[in-house]
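Quick note: residue numbers are just sequence positions, from 1.
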Amino acid sequence: MQQFTARGVHGQTVEVLAQRILDGRMPEGSTLDLTALQTEFDVSLTVLREALRVLAAKGMVDARPKRGTFVRPRANWSLLDADVLRWQFARSPHRPGLFDDLHELRGIVEPGAASLAAARATDEDIEALDAALADMAAAGDDPAAAVAADLAFHRALLAATHNELIQRMEVVIETGLAERDRMVHGTAGADDPVPSHKAVVDAIRRHHPAQAARAMGKLLDQAVEDVARLERTQREPREDRQD
């Protein structure tokens, strides 16, 4: 029987069901046995149905007369939903292409965002970017502080575009970036992130869009290398054991 704490039973039920769908234990098209799940989770039918309503709102499940509740095809999932993104990135070792997708998205969005920010940033925007840089420098060997500072920087960058639709990309970029940062920050050999981020801010401060876009491109290249280095580091112990 799955053991849930009394506090947060609803949320934990949602999380477990989502992970089972994502890892294929509840495959697309499968019908859920609500009675069995209620017994396994030791929750009320009301709690279970509320959890399924959350997943239905995210496009992951549906219910039909005579068929019951079933898992919808991945094509119907709300992949840009913050929770769905978080669930996917949390199990990214099982979907290595997910970080490739993130890098491609960032490569399309963030250099353009940096260019717009250089053209439109106000004094307040630049102050927010400077504050994030200061927090990044002060984070030192504290991975949690480094992650928070990096997220604050990219949030401030998108805000400095003064484009509401670009700002909404924060949900996608920040969710994926948080997981990427948790993997990278604090590992041996991690580069100092301040110079590459500062180059972007300096170009924005000078209101030079082309330089800002180039600086952001270099920052993203380094981000790709950071993940590749980490993957090499994780692969080496496995290869040593095989030898």
Please round to the nearest 0.5 Å and tell me the distance separating atom [atom1] of [X] and atom [atom2] of [Y].
X      : Y      : atom1 : atom2 : answer
Leu52  : Met60  : CG    : CE    : 11.0 Å
Asp42  : Gln38  : CG    : CD    : 9.0 Å
Glu40  : Thr35  : CD    : OG1   : 12.5 Å
Asp81  : Trp87  : CG    : CH2   : 7.0 Å
Leu165 : Met169 : CG    : CE    : 10.0 Å
Gln222 : Asp192 : CD    : CG    : 10.5 Å

Handout entry: Listed once per pair and sorted, the salt bridge (Lys or Arg N to Asp or Glu O under 4.0 Å) pairs that draw on residues 213-224, sequence neighbours left out
Key = none

Handout entry: All pairs passing salt bridge (Lys or Arg N to Asp or Glu O under 4.0 Å) where residues 117-130 contributes a residue, at least two apart
Key = Asp130-Arg205

Indicate if [X] and [Y] have the same hydrophobic cluster label, given that clusters are the connected sets of ILVMFWY residues with side-chain heavy-atom separations under 4.5 angstrom.
X      : Y      : value
Val109 : Met216 : no
Val224 : Leu177 : no
Val147 : Val194 : no
Leu151 : Val200 : no
Val43  : Met26  : yes

Does a side-chain heavy-atom distance below 4.5 Å link [X] with [Y]?
X      : Y      : result
Phe153 : Asp135 : no
Phe89  : Leu102 : yes
Thr69  : Thr31  : no
Gln19  : Leu22  : yes
Leu85  : Leu79  : no
Leu17  : Leu48  : yes
Leu55  : Trp77  : no
Asp83  : Arg86  : yes

Handout entry: side chain to side chain contact (heavy atoms under 4.5 Å, CB included) assessment of Leu157 paired with Ile204
Key = CA-CA 9 Å; Leu157 174 70; Ile204 292 173; 3.7 Å; yes

Practice task
Answer yes or no: is there an ion pair linking Arg20 with Glu15, defined by an N-O contact shorter than 4.0 Å?
Solution key: no

Problem - NZ/NE/NH1/NH2 to OD/OE distance under 4.0 Å, Glu28 and Arg72 - result: no

Please report the shortest heavy-atom distance between [X] and [Y], naming the atom on each side.
X      : Y      : result
Thr122 : His162 : CG2-NE2, 3.9 Å
Ser30  : Pro27  : OG-O, 2.6 Å
Ser115 : Ala212 : N-CB, 4.4 Å
Ala114 : Ala213 : CB-N, 4.3 Å

Problem - Stepwise side chain to side chain contact (heavy atoms under 4.5 Å, CB included) test for Phe70 and Val61 - result: CA-CA 6 Å; Phe70 60 95; Val61 301; over 6 Å; no

Problem - Under 3.5 Å donor-acceptor, Thr175 side chain and Val171 backbone - result: yes

Exercise for the section: Say whether, by atom type as modelled, one donor and one acceptor occur between the side chain of Ser78 and the main chain of Lys58 under 3.5 angstrom. Expected result: yes

Handout entry: Results of salt bridge (Lys or Arg N to Asp or Glu O under 4.0 Å) for Arg49 - residues two or more places apart only
Key = none

Exercise for the section: Return the set of residues passing salt bridge (Lys or Arg N to Asp or Glu O under 4.0 Å) with Arg67 (not counting sequence neighbours), or none when no residue passes. Expected result: none

Practice task
List for me each residue that meets ring pair (Phe, Tyr, Trp, His ring centres under 6.0 Å) alongside His154, sequence neighbours excluded, and say none if there are none.
Solution key: His197

Exercise for the section: Decide yes or no on side chain to side chain contact (heavy atoms under 4.5 Å, CB included) for Thr161 and Gln167, but give the supporting numbers first. Expected result: CA-CA 8 Å; Thr161 67; Gln167 290 175 43; 4.3 Å; yes

Exercise for the section: Please test Leu105 against Glu110 for side chain to side chain contact (heavy atoms under 4.5 Å, CB included), starting from the C-alpha separation and ending with a verdict. Expected result: CA-CA 8 Å; Leu105 174 68; Glu110 291 196 284; over 6 Å; no

Exercise for the section: Could you tell me which residues satisfy side-chain hydrogen bond (donor to acceptor under 3.5 Å, both in side chains) with Lys198, sequence neighbours excluded, listed by chain and number? Expected result: Asp202

Completion exercise
Between Leu220 and the options Arg106, His103, Glu225, Glu104, the side chain to side chain contact (heavy atoms under 4.5 Å, CB included) test singles out Arg106

